[in-house]
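Everything on this sheet refers to the single structure shown next.
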Amino acid sequence: MKRETSDKLYESAKKLFPGGVNSPVRAFKSVKGSPIFIEKGDGAYIWDADGNKYIDFCNSWGPLILGHNHPEVREAIIKTLEKGTSFGAPTRKENELGELILHNNRFIDKIRFVSSGTEAVMSAIRMARGYTGKNKVLKFEGCYHGHVDSLLVNAGSGLVTLGTSSSAGIPEAYVNETLVAPLGNKEALTLAVEKYKNDLACIIIEPIPANNGLLIQDKEYLEFVRDLCTSNDVLLVFDEVISGFRVGFEGAAGLYNIQPDIITYGKIIGGGLPVGAYGASHEIMGTIAPDGPVYQAGTLSGNPVAMSAGIATLQQCLKPGFYESLNDKAVLFVNSLMQKIGKNHGFSIQQIGSIFWMAFSDTRINQAAQIDVDKMAFFKELYTHILSGGMYMGPSGYEVGFISAAHSNENLTQASEILYNGLTQVLEN
Ligand SMILES: *Cc1c(COP(=O)(O)O)cnc(C)c1O
């Protein structure tokens, strides 16, 4: 496989950007070789700068639920673009996207648009603190919430602990306001909430944790977390930046029918352009400026071009049968691969809706600590086969893959063959 142009671009990029990239997950730190530079995408495919073609399962890490260069999204962007890009004043496109979401979502009354998932979470946390007048936040080990200072925190050695920062540059004072609990452990969570409830503003969770493998939780556990929050006056924040509009239009809240107090969105909501959002009841959203005392602002927030990409994307998602068809594709893909591999070979696919994760384990994994770090060596080997077979995924074994509406059944069968061929070589060695 030719890589000369990508390699050349990467050499230049290294002189310009830390590690040659503008987001560390793009670096090939956990796999062999150096990053592939993408030239264009169309439907289920992307092409790199050397002209190699891949079936794409990264889909920009989730936003492209319709695949690349969807004609209606492209047309909507162009049409809006012709009237200018941003005004820093209200436009009708904001109303349109706001109505589209709120009229089809039973879990939030009001929404505020921002420009990334990180910004959505950061703002949601501030709102939770402002609304409750409390300081601490509890998160779960294995959930990612963007690069918000107080949430780049790992568990310490005990069960529920004040965390230790997972990045340099985060003051201890911030870390001391964050508790970290293991997913799935009711006793540990109960003890922590009882101990800290007087200063605990919120519990934040990815209801479908999909940033550290795919750690699917039991509905019953999520209901337990909901009830624990309610009985202790703690707000529940669902970080649905990945799961929102992905497992259904109403995201995980809709799938599990659980009412969180605050929901954050990102990724799909902008249809490939930078949009994030947070939403809640009228009452909680009333704490946000200019209605209330919690300040949050954004120069490019709700800009019409990004709004129009979001509108065009979500209109497709709202078509009858959209999610059923996407789900069918995912099931076809998983079944076709697992039938070839068979059980008890140290490999399984975890899947929910159109999100999947290749777990080098025979059993279901639902806690970060259950992931065998040594098994990531398998992914590293597999990744070389994935690329050379003509398939693209995020370059890390901890990352999930995304199936889009653009994937044909033929694409999925082909991808399952590429994976099968790679896996037979990797698992046998
Ligand atoms: C991607 C992601 C974020 C961060 O979103 P950005 O747009 O990358 O800032 C936050 N939370 C979850 C659950 C995510 O998947």
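Along the sequence shown, residues carry numbers from 1. Counting starts at 1 for both ligands and their atoms, following the listed order.
In this structure Tyr196 satisfies the ring pair (Phe, Tyr, Trp, His ring centres under 6.0 Å) test with no other residue, sequence neighbours excluded. Asp42 is linked by a side-chain hydrogen bond (donor to acceptor under 3.5 Å, both in side chains) to Asn69, counting only residues two or more places apart in sequence or in another chain.
Between the side chains of Gln296 and Arg126, not a single donor N or O lies within less than 3.5 Å of an accepting N or O.
Salt-bridge check for Arg364 with Asp218: passed, with a basic side-chain N closer than 4.0 Å to an acidic carboxylate O.
Listed as neighbours of ligand 1 are Ser116, Gly117, Thr118, Tyr144, His145, Gly146, Glu206, Asn211, Asp239, Val241, Ile242, Lys267, each bearing a heavy atom under 4.0 Å from the ligand.
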Pair up each side-chain donor or acceptor in residues 16-38 with any protein partner under 3.5 Å, not counting sequence neighbours, and list the distances.
unit_1, atom_1, unit_2, atom_2, d
Lys32, NZ, Glu381, OE1, 3.3
Lys32, NZ, Glu381, OE2, 2.9
Ser34, OG, Asp7, OD1, 3.1

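At distances below 3.5 Å, not a single donor-acceptor pair connects side-chain atoms of Glu240 with backbone N or O atoms of Tyr265.
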